[in-house]
Q: 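Dropping the structure in here first, questions after.
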Amino acid sequence: MTQIGENTALHVKARQALDTIKPYTPGKPIWEVQQEYGLDRVVKLASNENSLGPSPKALEAIQARLGELHRYPDGLSSNLVNALAQEFGLASDNFVVTNGGDELIVLISQAYLEKGDEIIVPDPTFSEYAFGANLMESPIVKVPLRDGFRYAAEDLLAAVTEKTKIVYLCSPNNPTGTYLPEAELRSFLDRLPERVLVVIDVAYKHYVTADDYSDGIALVREGYPVIALHTFSKIYGLAGIRVGFGAAPSAVIRTLLKVKEPFNVNALAEAAATAALHDEAHIGASRRMNEEGREQLYAGFRKLSMPYTESMANFVLVEIGEQAERIYQQLLERGIIVRYAKSWGFPNHFRVSVGTHEENEIFLKALEELR
Ligand SMILES: *Cc1c(COP(=O)(O)O)cnc(C)c1O
């Protein structure tokens, strides 16, 4: 069959800026692998989801909210905002709740990037920062991480120009799992021109076990021009319902609210996130599972002599070797999905999410057989 409407592109031109945008490559979904290879059980360790599942408190809150679905949600997610203000010791006008952390990145880009303003990102890092910049026709300055994928604030500072508008720091960084120690972060902020906005993406903050880590909240409290980006998609296990938030100085929040859609966060998402925020049992169990799982993966990789980067997150970047692409394919055929790291420039690496003990074991055993 011919593709209906393909010729329209000849006459109606899309914005030229869109030529710079590459489609996002997500972890392969479970259903796709099930269909493609005719499998029942699939182990997905590709998107840094919480293998323990969603917060049970969130599920209860969703149930309780269902009867009101004919009503529009609260456009400011006030219940959640108030809970966050309490939790973090900030005011309610220091928060914006968004349809996942991804939406926050787009709002920041729309609100702050004039055409030609530069953003600085570590390389490799989360691809959504570049997506937001490309939408706004902003050049992206990539600063390589150092050996062992360590952050060097020095190198980011050296990349600042008159045109720099935003610096993105992902800590722990996706896909490397490395983080920026608090002292280095502070010294970086103190030396940065005040006209530069810093986005600290702390999506994986709950998994950090280092004690010199900052989730950005104290910096917001102290008045730095910082947005701390948080998500409910990772430890809270709510990736499917889409909710995240930014914490920032009130003037920044006011600006972001100008570009926000009136009802960007749905009612179920708000209720779920508000309940999950204080589900200590679920958070604690998830954290424990992750710490044990990281060690389990490290031990497995050592046994196979595969170098890995020590991670503060719920995934590990591991060097599989020259057979990585073949092994990635064969793992898929067995219903094991990991993330092939080629799109970050590492054709010999995988990024593997930490799963349950059993999932990690299934993966390690298959890896041993296929290598
Ligand atoms: C997962 C993730 C986010 C947020 O994702 P959402 O599901 O849109 O909330 C943000 N930053 C990083 C680095 C992530 O890995």
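Note that ligands are numbered from 1 as they come in the structure, with each ligand's atoms numbered from 1 the same way. Only a predicted model underlies this, so the values are computations on that prediction, with no experimental measurement involved.
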Q: For atom 15 (O) of ligand 1, grab the closest protein heavy atom and report residue, atom and distance to one decimal in Å.
A: Tyr204 OH, 2.6 Å
Q: Centre-to-centre under 6.0 Å for Tyr204 and Phe315, is that the case here?
A: yes
Q: Walk me through it: do Tyr224 and Asp190 pass the test side-chain hydrogen bond (donor to acceptor under 3.5 Å, both in side chains)?
A: CA-CA 9 Å; Tyr224 284 101; Asp190 288 334; 2.7 Å; yes
Q: With the threshold set at 4.0 Å, does a side-chain nitrogen-carboxylate oxygen contact exist between Glu137 and Lys115?
A: yes
Q: At a 4.0 Å threshold, what atoms of ligand 1 neighbour a non-hydrogen atom of Gly100?
A: 8 (O), 9 (O)
Q: Of the backbone atoms (N, CA, C, O) and the side-chain heavy atoms from C-beta on, which set of Phe232 has a member under 4.0 Å from an atom of ligand 1: side chain, backbone, both, or neither?
A: neither
Q: N/O to N/O below 3.5 Å, does that happen between Tyr129 and ligand 1?
A: no
Q: Phe126 versus ligand 1: do any nitrogen or oxygen atoms come within less than 3.5 Å of each other?
A: no
Q: Numbering the atoms of ligand 1 from 1, which are under 4.0 Å from a heavy atom of Asp102?
A: 5 (O), 8 (O)
Q: Pairs of nitrogen or oxygen atoms closer than 3.5 Å, one from Asn48 and one from ligand 1: do any exist?
A: no
Q: Hey, is Gly244 one of the residues with a heavy atom under 4.0 angstrom from ligand 1?
A: no
Q: Could you list the atoms of ligand 1 found under 4.0 angstrom from a heavy atom of Gly101?
A: 6 (P), 8 (O), 9 (O)
Q: One thing to verify: whether Lys365 and Glu369 come together as a salt bridge, which I'm taking to mean a side-chain N less than 4.0 angstrom from a carboxylate O.
A: yes
Q: List ligand 1 atoms under 4.0 Å from Cys170, heavy atoms only on the residue side.
A: 13 (C)
Q: If we only count N/O pairs under 3.5 Å, is Lys234 in contact with ligand 1?
A: yes
Q: So Phe245 and Phe232, would you call those rings parallel, tilted or perpendicular, with 30° and 60° as cut-offs?
A: tilted
Q: If you measure from each heavy atom of Glu128 to ligand 1, is any distance below 4.0 Å?
A: no
Q: Between the main-chain N or O of Ser127 and the side-chain N or O of Asn174, is there a donor-acceptor pair closer than 3.5 Å?
A: no
Q: For ligand 1, which atoms sit closer than 4.0 Å to a heavy atom of Asn174?
A: 13 (C), 15 (O)
Q: Could you verify whether a donor N or O on one side chain and an acceptor N or O on the other, from His357 and Glu292, lie under 3.5 Å apart?
A: no
Q: Could you check whether Arg287 pairs with Glu291 (Lys NZ or Arg NE/NH1/NH2 to Asp/Glu carboxylate O, under 4.0 Å)?
A: no
Q: How are the rings of Tyr340 and Phe350 set to each other: parallel, tilted or perpendicular (split at 30° and 60°)?
A: perpendicular
Q: Are Arg150 and Glu184 within salt-bridge range, i.e. N to O under 4.0 Å?
A: no
Q: For ligand 1, which atoms, with element, lie under 4.0 Å from some heavy atom of Ser233?
A: 6 (P), 7 (O), 9 (O)
Q: Around atom 8 (O) of ligand 1, find the nearest protein heavy atom and jot down its residue, atom name and distance.
A: Arg242 NH2, 2.7 Å
Q: Given Asp201, Thr231, Val106, Asn173, which one has a non-hydrogen atom that is nearest to atom 4 (C) of ligand 1?
A: Thr231
